[in-house]
Visitor: 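Submitted below is the structure of interest, expressed as structure tokens.
Residues take their numbers from the sequence shown, with the count starting at 1. As the structure lists them, so they are numbered: ligands from 1, and atoms in each ligand from 1. The structure presented is a predicted model; accordingly, all values stated were derived computationally and were not measured.
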Amino acid sequence: MRIALAAGDGIGPEIMAATLELFAAAGVSKLVEFVPVEMGEAIFARGNTRGMTDEAIRIVEDLGVLFKGPMATPTGGGGKSINVTARKMWSAYANYRHFRTLPGVVTPYSKAGINLDFAIVRENIEDTYGGIEHRLTNDVMVAKRIITAPGCDEVLRFAFETAKRMGIDTVHCSHKANIMKMTDGLFLERFRTMAAEYPGIAAPDVIVDALCMNLVMKPSQYKMVVLTNLQGDIVSDLAAGLVGGLGFAPSANIGRNISIFEAVHGTAPDIAGKGIANPTALVLSGLMMLRHIGLEKQAATLENALLVALEEGAHTGDFGDRSKPTLNTESFIKEIIARLGHEPKTVKPAPAGSSDRINYATPAKPETPLMMRTITDVKKEVAGMDVYVEAVHPAADTAVQMERLCASSPFHITLVSCRGMQVWPRGSAFTECVDYWRVRFELRDGRTATQADAITLLGHIAEHALVSEYELLRTFNGTRGWTLAQGQ
Ligand code: NAI
């Protein structure tokens, strides 16, 4: 089998070389050929804003599996994160991260005898990671948060199926649906719907802020938590902290066709080039990859050797028993290689698994991008529109102006809000405002309208006010497709 390989930037090449040396020692290179692809900082530097060559894209799409080191994201300028681009372009929708107490990695929990072993499944493509952001007025920036029913279903299906396969009896959904009623509300609703298909798995939910506290206070109550993208990103770094830091947090980005295996940590520019980085997270990510392609036995042998090395005190500078010598990346890997074939004594050895052969079919290239649909046969009716105008005069003045402008349209003005808080017709003098009003127009009694009617009114408004944004309000099978303003 061939696997695309991008060593990455910063510490990437050092930890990747060490990881491949270890894999070679366990005989993996006899079964897998790693095909180098050009991705990362050097490609950005050549003026390629994707950070990867066309040839790299072709190879990854042909092979279906990418093993990658961390890659730097250019700060400022227009360069987007190559990591996010790769996940999104290839629809690697589920980010699976496993956190566990490792021998030799001392944490407040290990000192208290608390053994941690849980997984976080993070939606990997949607949410604010579209990076769809705009400056709307002098003072206001917005980011779009996109949550879709098929996107929720893909990651939730992965979570439940993984839990079932691994014998995990509880999957928590974590969210902020109390505040983001439509976006996180959809994620929670899809979770509850899918949970009904898995009667053997308990499926409670927990609000994400409570989850953070619970993870710190009593982490062992969780076995698997599934979250939307940004919340999952933040919570999984918190989880990494519980088990000793980023050096021990592996991840798999799983998609229908293409999967990417990488450590959670970044390029660690502060220690790059010194040969002292901890390769454990990348090794653990590589083990996930070996299991993904069927090499379960090889993965178990490697994992056990790593556990024995850690148990016996092998450590790099970022962790471990200071009474034992600090190893550089290369010597740390040598310690693991020396223990191939050994089994740990203080922790349970990795399950051997049944397969030692490649069990992976490269993806067939779709002729056109897949169009996913989940909720169909919906009757939609135009009910109004929200128009966002840039203005600095009081809300009441905007309301009077807008009432005049919509006088001959099927719509009338029902509210003005600022930063989501109603300020007209009711409001508080204590509500601080900015130069960005949302004016809500709704159908007059007994009237119907089309999108064209809304746009006609919008065009009329645009002749008199500065429109910075517009959203159509529609009902879906009679249910409002928008939220009320606070205070409404
Ligand atoms: P970072 O994870 O690179 O470093 C944070 C801290 O952890 C540093 O003190 C670093 O020395 C330490 N650290 C990280 N990995 C280590 C390891 N294996 N061994 C020992 N110490 C380790 O995060 P930072 O500094 O915020 O990001 C640096 C760059 O990495 C940025 O350009 C960022 O965009 C990129 N990045 C890339 C990721 C990826 O490729 N998936 C993920 C996160 C960040």
Visitor: Does T73 approach ligand 1 within less than 4.0 angstrom via side chain, backbone, both or neither, non-hydrogen atoms only?
Guide: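 Within the 4.0 Å criterion, T73 contacts ligand 1 through backbone and side-chain atoms alike.
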Visitor: Check ligand 1 against I271 and write out every atom of the ligand that is under 4.0 Å from a heavy-atom position of the residue.
Guide: 11 (O), 20 (C), 21 (N)
Visitor: First locate atom CD1 of I254, then atom OG1 of T162, and finally report the distance between them rounded to the nearest 0.5 Å.
Guide: 8.0 Å
Visitor: Can you tell me how far the CZ atom of F160 sits from the OH atom of Y198, to the nearest 0.5 Å?
Guide: 7.5 Å
Visitor: Considering only non-hydrogen protein atoms, determine which one is nearest to atom 16 (C) of ligand 1 and report residue, atom name and distance to 0.1 Å.
Guide: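 Of every protein heavy atom, I11 CD1, 4.0 Å lies nearest to atom 16 (C) of ligand 1.
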Visitor: Just to confirm my output: which protein heavy-atom neighbour is closest to atom 15 (N) of ligand 1, and how far is it?
Guide: H265 CG, 3.2 Å
Visitor: Verify the ring-centre separation between F99 and F248: is it less than 6.0 angstrom?
Guide: no
Visitor: Distance below 4.0 Å between atom 26 (O) of ligand 1 and any protein heavy atom?
Guide: no
Visitor: What residue and heavy atom of the protein are closest to atom 10 (C) of ligand 1, and at what distance?
Guide: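 Minimum-distance protein heavy atom for atom 10 (C) of ligand 1 reads D270 OD1, 3.4 Å.
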Visitor: If we ignore angles and hydrogens, is there a donor and acceptor under 3.5 Å between the side chains of E262 and N253?
Guide: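 Note: E262 and N253 side chains meet the donor-acceptor criterion.
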Visitor: Determine, for D127 against R145, whether the closest basic-nitrogen to carboxylate-oxygen distance falls under 4.0 angstrom.
Guide: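 Looking at D127 and R145, the cut-off is met.
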Visitor: Does some non-hydrogen atom of P269 fall short of 4.0 Å from ligand 1?
Guide: yes
Visitor: Run the numbers for me: atoms of ligand 1, each under 4.0 Å from some heavy atom of N83, listed by number.
Guide: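 Here the atoms of ligand 1 in question are 37 (C), 38 (C), 39 (C), 40 (O), 41 (N).
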Visitor: Around R373, counting heavy atoms of other residues, nucleotides and ligands shown, do more than 12 lie under 6.0 Å from its CZ?
Guide: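 Open.
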Visitor: Between K348 and P344, is there a donor-acceptor pair closer than 3.5 Å when you use the side chain of the first and the backbone of the second?
Guide: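 Between the backbone of P344 and the side chain of K348 there is no qualifying donor-acceptor contact (under 3.5 Å).
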Visitor: Do R58 and E55 meet the salt-bridge criterion of a basic N to acidic O distance under 4.0 Å?
Guide: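 Yes, E55 and R58 are salt-bridged.
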Visitor: Going by atom types alone, do D9 and T267 pair a side-chain donor with an acceptor below 3.5 Å?
Guide: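 There is no such pair (donor and acceptor under 3.5 Å, judged by atom type) between the side chains of D9 and T267.
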Visitor: Quick one: which ligand 1 atoms are inside 4.0 Å of a heavy atom on N278?
Guide: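 So the answer, numbered in order with elements, is 17 (C), 18 (N), 19 (N), 20 (C).
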Visitor: Could you find the nearest protein heavy atom to atom 29 (C) of ligand 1 and give me its residue, atom name and distance?
Guide: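 Atom 29 (C) of ligand 1 sits closest to the protein heavy atom T267 OG1, 3.1 Å.
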Visitor: Looking only at the side chains, is there a donor atom on one of H98 and D117 sitting less than 3.5 Å from an acceptor on the other?
Guide: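 Judged by distance alone, the side chains do pair up.
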Visitor: State whether any protein heavy atom lies less than 4.0 Å from atom 6 (C) of ligand 1.
Guide: no
Visitor: Return the residue, atom name and 0.1 Å-rounded distance of the protein heavy atom closest to atom 41 (N) of ligand 1.
Guide: E262 OE1, 3.1 Å
Visitor: Counting each atom of ligand 1 from 1 as listed, which ones have a heavy atom of A72 under 4.0 Å away?
Guide: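 Counting atoms of ligand 1 from 1, those under 4.0 Å from A72 are 32 (O).
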Visitor: Taking atom 4 (O) of ligand 1 as the point of reference, which of G317, A272, A268, G245 owns the nearest heavy atom?
Guide: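 Among G317, A272, A268, G245, the closest heavy atom to atom 4 (O) of ligand 1 belongs to A268.
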Visitor: From the options G266, S81, P279, G10, select the one whose nearest heavy atom is closest to atom 2 (O) of ligand 1.
Guide: G266
Visitor: Looking only at the side chains, is there a donor atom on one of T148 and E126 sitting less than 3.5 Å from an acceptor on the other?
Guide: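 The criterion, which ignores hydrogens and geometry beyond distance, is satisfied for E126 and T148.
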Visitor: For L246, counting its heavy atoms only, list the atoms of ligand 1 lying under 4.0 Å from any of them.
Guide: 2 (O)
Visitor: May I ask you to identify the nearest protein heavy atom to atom 35 (C) of ligand 1, giving residue, atom name and distance to one decimal place in Å?
Guide: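 Looking at atom 35 (C) of ligand 1, the protein heavy atom closest to it is M71 O, 3.5 Å.
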Visitor: Ignoring angles and geometry beyond distance, decide whether V264 reaches within less than 3.5 Å of ligand 1 through its nitrogen or oxygen atoms.
Guide: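 By distance alone, the answer is no.
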